[in-house]
Amino acid sequence: MTFQNELINWYNQNKRDLPWRHTNNAYIIWLSEIILQQTRVEQGLPYFNKFLENFPNVSDFASASESKVLKLWQGLGYYSRGRNMHATAQIVMSDFNGVFPTLYDDLIKLKGIGEYTAAAISSFSSGEARAVVDGNVFRVLARYYGINTPINSPAGKKQFYTLANELMFKEDAALYNQAIMEFGAMQCKPKSPACNICPLNQTCYAFNNHLVKELPVKIGKAEKKHRFFNYFICTQGDEILVKERQAGDIWQHLYDFPLIETLELPNWMDPSFNNTVKDFFGINTEFTLISYKKHILTHQIIHVHFFALKNYIFNFSKQKELNWVSLSKLDELPQPKVIHDFLEDNFKNKME
DNA sequence: AATCCGGGGAG
DNA sequence: CTCCCAGGATT
């Protein structure tokens, strides 16, 4: 049996029942594919259901506010996906008459849709014979064919895309694409795959040469940068001071608090830190440490300290993004995970 | 070519 | 801890 037929055979016997596999509606497939970028199925599934419920079609998505989209996205990470979806939904309304495109050449031009996602949506919605190459496909092909070109190098990317498209099962592109990804996710797993029961083990290069653990090859990760976020919690009656994060850094258009970032762990008993705080807020400041949280992202480790601030006079001319928000409405704003967790722990009762 | 962009789960 | 997940955009 051929490589392709083995994969499809395995898929028919072992596939999971996932909601986006019951449709060829390009809009619904697009929802699932964007949500699943760099995201496990188990983590993305509740978000997929939530988005489809709130936005049954692309028109509903396009007419929502960006803030509502980000609020629904809260906790999933890589928030540019949500912002790009919102922009793309509006382009589909204006440039495609509200009909979500199904052709690769149309899809690839849309925000947030790259080579993988354009291949996925086009093959699943219209059967276009474009091979998907995601983390699963890289791994399956690297092992089965014994390819040691780094998968995250330009040369590797080209090599794997070329091979994947040569292998494409043109009689049923959607079925084949689903099959190879599911096989990578469940059988040819990153760690300790069950090679002894694999239907392809007789012809798998890595298995026969004891290279399963070495493949695929990936080149070096940059070291994580440490950052120190010092948040100041300012309340006034039933209101709290929040800040909308701007472009050029993480969590764009999500909300946090007045922030002083320092280059190293600040000693808040030190007069110089006190002066920095005083300069930031105005005069006559007093603050006490509430809590600390270490927040780990892909390229940075953020040391987050929360302080309660008293006796403050703000210089709003320097802090235009600051706004007072009533505690009862705070939960409507999209927040980074570390902010949301802090509020859950310290303000839940006051937010009702 | 390298770096940025989140958060979670497995080992 | 480390690795990686149905990747894409930016520099």
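Letters A, B, ... mirror the listed sequences (proteins, then strands); counts begin at 1.
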Q: Would you mind classifying the nucleic acid contact of W73(A) as base, sugar-phosphate or nothing, using non-hydrogen atoms under 4.0 angstrom?
A: nothing
Q) Separation of R21(A) atom CZ from dA6(C) atom P, in whole Å? A) 11 Å
(Q) Using whole Å, what does the distance between atom C1' of nucleotide dG7(C) and atom CG of N152(A) come to? (A) 12 Å
Q) Is atom CD1 of I219(A) surrounded by more than 12 heavy atoms (other residues, nucleotides or ligands) closer than 6.0 Å? A) yes
(Q) When the C1' atoms of dG8(C) and dG9(B) are compared, how many Å lie between them, rounded to an integer? (A) 23 Å
Q) When the distance from NZ of K221(A) to C1' of dC3(C) is rounded to whole Å, what number comes out? A) 9 Å
Q.
Output the rounded distance in Å from CD (E182(A)) to P (dC5(C)).
A. 14 Å
Q: Provide the distance between the two P atoms, one in dG11(B) and one in dA6(C), to the nearest whole Å.
A: 14 Å
Q | Flag, side chain of D279(A) to backbone of N275(A), donor-acceptor distance under 3.5 Å | A | no
Q.
Please determine whether a side-chain nitrogen or oxygen atom of K294(A) lies at a distance below 4.0 Å from atom OP1 or OP2 of dC1(C).
A. yes
Q) Please give, in whole Å, the distance from dC5(C) P to F48(A) CZ? A) 22 Å
Q) Is any side-chain heavy atom of Q252(A) less than 4.5 Å from a side-chain heavy atom of R245(A)? A) no
Q: In whole angstrom, give the distance that lies between atom NZ of K213(A) and atom P of dT2(C).
A: 17 Å
Q.
If you assign L110(A) and D134(A) each to the DNA chain C nucleotide with the nearest heavy atom, which residue ends up on the more 5' nucleotide?
A. D134(A)
(Q) How close do Q74(A) and Y47(A) get, counting heavy atoms only, and between which atoms? (A) O-OH, 2.8 Å
Q.
Has T39(A) got a side-chain atom pairing as donor or acceptor with Q37(A)'s backbone, closer than 3.5 angstrom?
A. yes
Q: Starting from C1' on dA6(C), measure out to CD1 on I29(A) and report it in whole angstrom.
A: 13 Å
Q) Could you state the OH-P distance from Y116(A) to dC5(C), rounded to the nearest angstrom? A) 12 Å
Q: Sugar-phosphate means primed atoms, P, OP1 and OP2; the rest is base. With that split, encode nucleotides 4-11 of chain B 5' to 3' as B, S or - using protein heavy atoms under 4.0 Å.
A: BBBBBBB-
Q. For K158(A), which contact category applies under a 4.0 Å heavy-atom criterion: base, sugar-phosphate, or nothing?
A. nothing
Q.
Can you tell me if K218(A) touches the phosphate of dC3(C), counting only side-chain N or O atoms and a distance under 4.0 Å to OP1 or OP2?
A. no
Q.
If I pick the C1' atom on dA9(C) and the same atom on dG8(B), what distance separates them, to the nearest angstrom?
A. 23 Å
Q | G112(A) or E33(A), whichever maps to the more 5' nucleotide of DNA chain C | A | E33(A)
Q) Is R16(A) touching bases, backbone alone, or none of the nucleic acid, heavy atoms closer than 4.0 Å? A) nothing
Q | F61(A): which of V92(A), T88(A), V69(A) passes side-chain contact (heavy atoms from CB on, under 4.5 Å) | A | V69(A)
Q. Taking I301(A) as the fixed residue, which of R227(A), K225(A), K294(A) is the one that meets the side-chain contact (heavy atoms from CB on, under 4.5 Å) rule?
A. K294(A)
Q. Looking for any heavy atom pair under 4.0 Å, which part of the strands does S32(A) touch: base, sugar-phosphate only, or nothing?
A. nothing
(Q) Using modelled atom types and a 3.5 Å cut-off, is there a donor and acceptor pairing between side-chain atoms of T23(A) and backbone atoms of W20(A)? (A) no
